[in-house]
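Throughout, protein chains are lettered first and strands after them, A, B, ... in sequence-line order, and every chain is numbered starting at 1. Predicted model, so just to flag it, every value in this text is computed and none were measured.
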Amino acid sequence: MPVAADEVPGLLEQVRETADPKFGDYTATLAMPLAKRLRVKPRDLAEKLIARLNDSPDFTAVFEPIEGPVGPGFVNVRVRDDALARGVAAACGDARLGVLPLAQPETIVLDYSSPNVAKPMHVGHIRSTVIGDALARILRFRGHRVITDNHLGDWGTQFGMILWGWKHCREDAAYAADPTAELGRLYRLVRKVVDAKPEELAADPVAKELAAAHPEAGREVLLETAKLHEGDAENRKLWEEFMPVCRQEIERIYQRLDIEFDHTLGESFFQPLLHGVVEDLQASGLARESRGAIGVFLDGQETPLLIRKADGAFLYATTDLATIAWRAEHWRPDRILYIVDHRQSQHFQQVFATARSWGCRAAKQLAAMELVHIAFGTVLGEDGKPFKTRAGDTVGLEALLDEGVERAAAIVGEGEHARQGMDEAQRKAVAEAVGIGAIKYADLSQNRTTDYVFSFDKMLELKGNTAAYMQYAVARVEGIAGRGGIDREALRQQVAADPTAVELVDPRERRLALNVLRLAAVLEDVESDYRPNVLTAWLFELAGSFSSFYDALPVLKAEGRQRTTRLALADLTGRTLRQGLELLGIRVPKQM
RNA sequence: GCGCCCGUAGCUCAGCUGGAUAGAGCAGCGGACUUCUAAUCCGCAGGUCACAGGUUCGAAUCCUGUCGGGCGUACCA
């Protein structure tokens, strides 16, 4: 058959799960396009293909013999029950649940979260943080060398605001009592003074008065920022004093979200390099002066990428370029992934294009590196507008987490008798896992490219496609093991050593087995489009097939091989669901 | 103006490198707890996939156009 070797992967892509079990487990659609090119009838081609497959011992070891093509030329296959059982047994005995580490791992840098210090974290940060963390965990689990870096905004105008506020309206007592809160207050106050709309200002007498007393506040704030950047001793000292306070505040939220970074190299870290970036780009002819500023003019771009303002200050494009070069030089990654909202897509397009053609020290590395902007949509309120409080402020991230946990706690408190035995500490841990899990899961289960409507009522429904549904399924597995006094480790060793101990009879056992063995394929799909929702969709399916299984088929009361089979399936499903949720950064309580 | 993204069930969304009757959840209706956690399960009902063309054996998916929405578009990040 004249098919070029490099076409094979594409053809194999045309094997997928069937839409309906009556067509078998998998279907291949490759006969139709291939037949067209070879100018033969699709069904004839499919017939030949089937004959060869049926003759191949490798094929028949795993699949039932194929009877013939269906419809225009579909080739439908069904996995042999004994082969499926062997797969379950093998996964049971494997710490990685049957997922082989990648043969060719890459070094991948992930850039996500990146809050501005000194500004309270708000809903706007949740998507980048949660999606980035999940992708980092998934890529790492697959076997890649992952480097996570939190590119903190620690050098921008917001510090000018805080410095100005510090000098004009600080309250020392408040700062002594709670520095974070006072700095937060100063930031919010000065931001209003500087760029609030008239109606917003009217609603805040303190800010209004301050604005009236300092009509030049906006300019003065920029001046404070500029002084900091120029190395002014007083501002620099204050910056050094404020930074740990701000970092601590952010760290507390990350701890609650179970998020850790390998590095936190903020904008300030790259600040000494910025001058060189501009000189370099000018020298290479990529950047030139225009209207007093310096920008990179790219073909097909209406506007330049500005790297230095007319007043001499650098911009975030400058920092981004410096950062890319630094990472290329020091980490030599194959890929850098930026998990940043979709509004910055043009910015990244320009930054990436500039970096690729930039002839700096790391030029070779830069040219070979894959730079990816992983964009996501805006978080909206239930009114379909950007998520704000009733007063019109952005919603603080911490308050959001509190509310999620609080609502979850109310639900944990009521209902099922099994929960009545839990002590206070357990309930609290469950509420935290369910509440935070719900918030993370709601975000991750949405296709990241679209805007998403934030609704506690929906995410804490605790039915349907929510974190709690999966957590509950795991708790049920734990319940079986606990109630039955099962030594799970021994069970795993037993079935791994003797796969014939597993025998799939009931269609629900079969469906569960087919589903639970898909983890590796699903993670591969997640990586190909950087979409965690592929993982959540599968977890939901898996938990669903487990719930049906659990509901209809007794496990502990079964006997002999049937009992072993069901125990093995339950154990494997529990572990797999737990692993999947952990890859999303979601905690899984043993009991709930 | 130009560029990017998006219009799928009453609501919130999957599905988008073309595949068989378009899927979930919620809401609605009807069933299932003396039996391993009912935060569950089983069933019913509900859609001209914005619209119009085109490519194809086959289109929610690819191409073109129209309408509607969001975002971005020179010195914020």
Side-chain angles (χ1 to χ4, degrees), chain A residues 10 13-14 16 18-20 22-23 27 29 32-33 35-36 42 70-74 76 114 116 153 156-158 195 222 267 290-295 300-311 313-317 319-320 340-347 349 375 377-378 380 382 384 411-412 414-419 434 442 445-447 449-453 455 457-466 468-469 471-473 475-484 528-529 533-534 536-537 540-541 544 547-558 566 570 591-592:
Chain A
E13 286 289 309
Q14 296 185 40
R16 67 200 70 211
T18 50
D20 189 315
K22 78 180 176 203
F23 298 127
T27 185
T29 60
M32 285 82 85
K36 177 173 181 139
V70 182
F74 293 110
N76 298 333
S114 312
N116 286 318
T157 319
Q158 82 272 21
D195 69 14
L222 290 178
E267 291 175 333
S290 166
R291 299 185 213 168
I294 294 171
Q301 289 287 343
E302 199 178 348
T303 56
L305 179 71
L306 293 188
I307 54 175
R308 204 181 80 183
K309 301 203 283 185
D311 67 4
F314 301 113
L315 293 107
Y316 80 132
T319 316
D320 280 351
V340 181
D341 80 277
H342 72 283
R343 285 173 296 202
Q344 295 193 35
S345 59
Q346 273 111 314
H347 166 74
Q349 211 182 319
T378 313
L380 305 176
E382 291 185 75
I411 298 162
V412 173
E414 67 194 28
E416 191 54 27
H417 57 88
R419 261 173 274 149
V434 170
S445 60
Q446 181 110 173
N447 182 330
T449 59
T450 51
D451 289 348
Y452 118 84
V453 176
S455 163
D457 291 336
K458 296 237 160 62
M459 70 179 67
L460 281 164
E461 192 64 56
L462 308 187
K463 311 173 205 171
N465 192 6
T466 62
Y469 180 73
Q471 289 167 324
Y472 181 61
R476 284 172 135 187
V477 172
E478 298 287 347
I480 293 174
R483 169 99 33 160
S528 72
D529 275 323
N533 75 307
V534 171
T536 64
F540 181 50
E541 252 183 82
S547 294
S548 300
F549 161 91
Y550 179 93
D551 198 69
L553 309 173
V555 176
L556 294 174
K557 283 185 183 162
R566 291 180 182 171
Q591 190 192 340
M592 63 187 281

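The side chain of A/Ile480 has B/C36 as its nearest neighbour among B/A39, B/A74, B/C36. Here the side chain of A/Ser548 is nearest to one of B/C42, B/C57, B/G15, namely B/C42. Taking only side-chain atoms of A/Leu556, from C-beta outward, the nucleotide of B/C36, B/U40, B/G19 with the closest atom is B/C36. Side chain of A/Thr450, nearest nucleotide from B/A14, B/C76, B/U37: B/A14. When the nucleotides B/G15, B/C13, B/U37 are ranked by their closest atom to the side chain of A/Asn447, B/G15 comes out on top. With B/A74, B/A14, B/G19 as the candidates, the nucleotide lying closest to the side chain of A/Phe74 is B/G19.
With sequence neighbours left out, the side chain to side chain donor-acceptor pair (under 3.5 Å) criterion links A/Ser290 to no other residue. Listed by chain and number, the residues in a side chain to side chain donor-acceptor pair (under 3.5 Å) with A/Arg566 are A/Glu509 (sequence neighbours excluded). Remark: A/Gln471 pairs with A/Ala433, A/Val434, A/Ala467, A/Ala468, A/Leu581, A/Ile586, A/Pro589, A/Met592 by the side-chain contact (heavy atoms from CB on, under 4.5 Å) rule, at least two apart or across chains. In this structure A/Ser345 satisfies the side chain to side chain donor-acceptor pair (under 3.5 Å) test with no other residue, sequence neighbours excluded. Under the side-chain contact (heavy atoms from CB on, under 4.5 Å) criterion, A/Thr18 pairs with A/Phe23, A/Thr27, sequence neighbours left out. Contacts of A/Ala481 classified as side-chain contact (heavy atoms from CB on, under 4.5 Å), with partners at least two apart in sequence or in another chain: A/Ile486, A/Arg488. Annotation: side chain to side chain donor-acceptor pair (under 3.5 Å) contacts of A/Arg291 (sequence neighbours excluded): none. In this structure, A/Asp451 has no salt bridge (charged side-chain N to carboxylate O under 4.0 Å, His left out) partners at least two apart in sequence or on a different chain.
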Between the protein and nucleotides 31-34 of chain B, list the N/O to N/O atom pairs that are separated by less than 3.5 angstrom.
none

I'd like a table of atom pairs between the protein and nucleotides 21-28 of chain B - only N or O on both sides, under 3.5 Å - with the distance next to each one.
| from | atom 1 | to | atom 2 | distance (Å) |
| --- | --- | --- | --- | --- |
| B/U21 | O4 | A/Asp20 | OD2 | 2.8 |
| B/U21 | O4 | A/Lys22 | NZ | 3.3 |

Please tabulate, one pair per line, each protein N/O and nucleotide N/O from nucleotides 1-4 of chain B that are separated by under 3.5 Å, including the distance.
| from | atom 1 | to | atom 2 | distance (Å) |
| --- | --- | --- | --- | --- |
| B/G1 | N2 | A/Glu302 | OE1 | 3.0 |
| B/G1 | N2 | A/Glu302 | OE2 | 2.7 |

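Stem analysis of RNA chain B (at least three stacked-register Watson-Crick or G-U pairs, each with both distances under 3.5 Å) gives B:1-7 with B:67-73, B:10-13 with B:23-26, B:28-32 with B:40-44, B:50-54 with B:62-66.
Looking at A/Asn76, its side chain comes within 3.5 Å of the base of B/A20 through a donor and an acceptor atom. Donor-acceptor pairing under 3.5 Å, judged by distance alone, is absent between the side chain of A/Thr319 and the base of B/A77. At a cut-off of 3.5 angstrom, counting only N and O atoms as typed in the model, there is no donor on one side facing an acceptor on the other between the side-chain of A/Tyr472 and the base of B/A39. Residue-to-nucleotide contacts include a donor-acceptor pair under 3.5 Å from the side chain of A/Thr27 to the base of B/A20.
Of the C1' atoms belonging to B/U64 and B/U21, the separation is 30 Å, rounded to the nearest Å. On the P atoms, B/U61 is 11 Å away from B/G19, given to the nearest whole Å.
What separates CG of A/Leu380 from P of B/C6 is a distance of 15 Å, to the nearest Å. As rounded to whole Å, 14 Å separates atom C1' of B/U37 from atom OH of A/Tyr469. Between the CD atom of A/Gln446 and the P atom of B/C6 there is a distance of 13 Å, given to the nearest Å. For the pair A/Arg343 CZ and B/U73 C1', the interatomic distance rounds to 14 Å; values are reported in whole Å. At whole-Å resolution of the value, CG in A/Asn116 and P in B/C76 are 15 Å apart. Straight-line distance from the CD1 atom of A/Ile294 to the P atom of B/A74: 18 Å, rounded to whole Å.
Judged by distance alone, the side chains of A/Thr449 and A/Asn447 do bring a donor and an acceptor atom under 3.5 Å apart.
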